[in-house]
Amino acid sequence: MERITLGVKGMTCNHCVMTVTNALKEVDGVKAANVSLEQEDAKITFDESKTNIDAIKKAVIDAGYQPE
């Protein structure tokens, strides 16, 4: 399992946090996603044999936010 912290810009409320969390959890291979509004980031645990950072970033973009 791989763990990363990904910056997420554009979140303004807890609804944004839930949107990003749900988008990340829908990515096949993502086991956990802890999104923080205050820190503007997401701590993600994923199976690197099933997904990669590019797919995770795409999920954040598709949800309407900017990964960093």
Side-chain angles (χ1 to χ4, degrees):
M1 294 301 242
E2 181 82 19
R3 293 177 191 220
I4 61 166
T5 299
L6 181 68
V8 180
K9 296 294 181 190
M11 297 186 298
T12 59
C13 64
N14 284 329
H15 183 267
C16 297
V17 170
M18 289 306 302
T19 299
V20 174
T21 300
N22 290 337
L24 290 169
K25 288 183 175 180
E26 288 180 13
V27 176
D28 185 38
V30 171
K31 301 298 180 192
N34 184 2
V35 180
S36 171
L37 178 61
E38 294 78 20
Q39 299 295 320
E40 295 186 317
D41 69 11
K43 292 176 178 48
I44 305 157
T45 303
F46 65 97
D47 182 342
E48 62 273 12
S49 71
K50 293 185 178 180
T51 193
N52 57 45
I53 294 170
D54 289 337
I56 291 169
K57 286 181 178 181
K58 182 178 182 321
V60 172
I61 292 167
D62 289 349
Y65 302 91
Q66 299 83 42
E68 294 191 339

Closer than 4.0 angstrom, basic N to acidic O: yes or no for Asp54 and Lys58? no

Separation between CG of Asp62 and NZ of Lys57, rounded to the nearest 0.5 Å: 14.0 Å

Out of Val8, Val20, Val17, which one pairs with Leu37 under the side-chain contact (heavy atoms from CB on, under 4.5 Å) rule? Val17

Smallest heavy-atom separation, Pro67 atom then Leu6 atom, equals CB-CD2, 4.0 Å

Side chains of Arg3 and Lys43: closer than 4.5 Å at any heavy-atom pair? no

Quick check for you: to the nearest 0.5 Å, what is the distance between Ile4 atom CD1 and Thr45 atom OG1? 9.0 Å

To the closest 0.5 Å, what do you measure between CD (Glu2) and NZ (Lys50)? 15.5 Å

Rounded distance [0.5 Å steps], CD1 in Ile44 versus OG1 in Thr21: 9.5 Å

If you look at every heavy atom in Ala63 and Ala23, which pair is closest and at what distance? CB-CB, 3.8 Å

First locate atom CD1 of Ile56, then atom CD1 of Ile61, and finally report the distance between them rounded to the nearest 0.5 Å. 12.0 Å

Of all the heavy-atom pairs spanning Ile53 and Phe46, show the shortest one and how long it is. CG1-CZ, 4.2 Å

Tell me the closest heavy-atom pair linking Asp47 and Ser49, and the distance in Å. OD1-OG, 2.6 Å

Measuring only between side-chain heavy atoms, which start at C-beta, is Thr5 closer than 4.5 Å to Gln39? no

Taking atom OG1 of Thr51 and atom NZ of Lys31, what is their separation to the nearest 0.5 Å? 10.5 Å

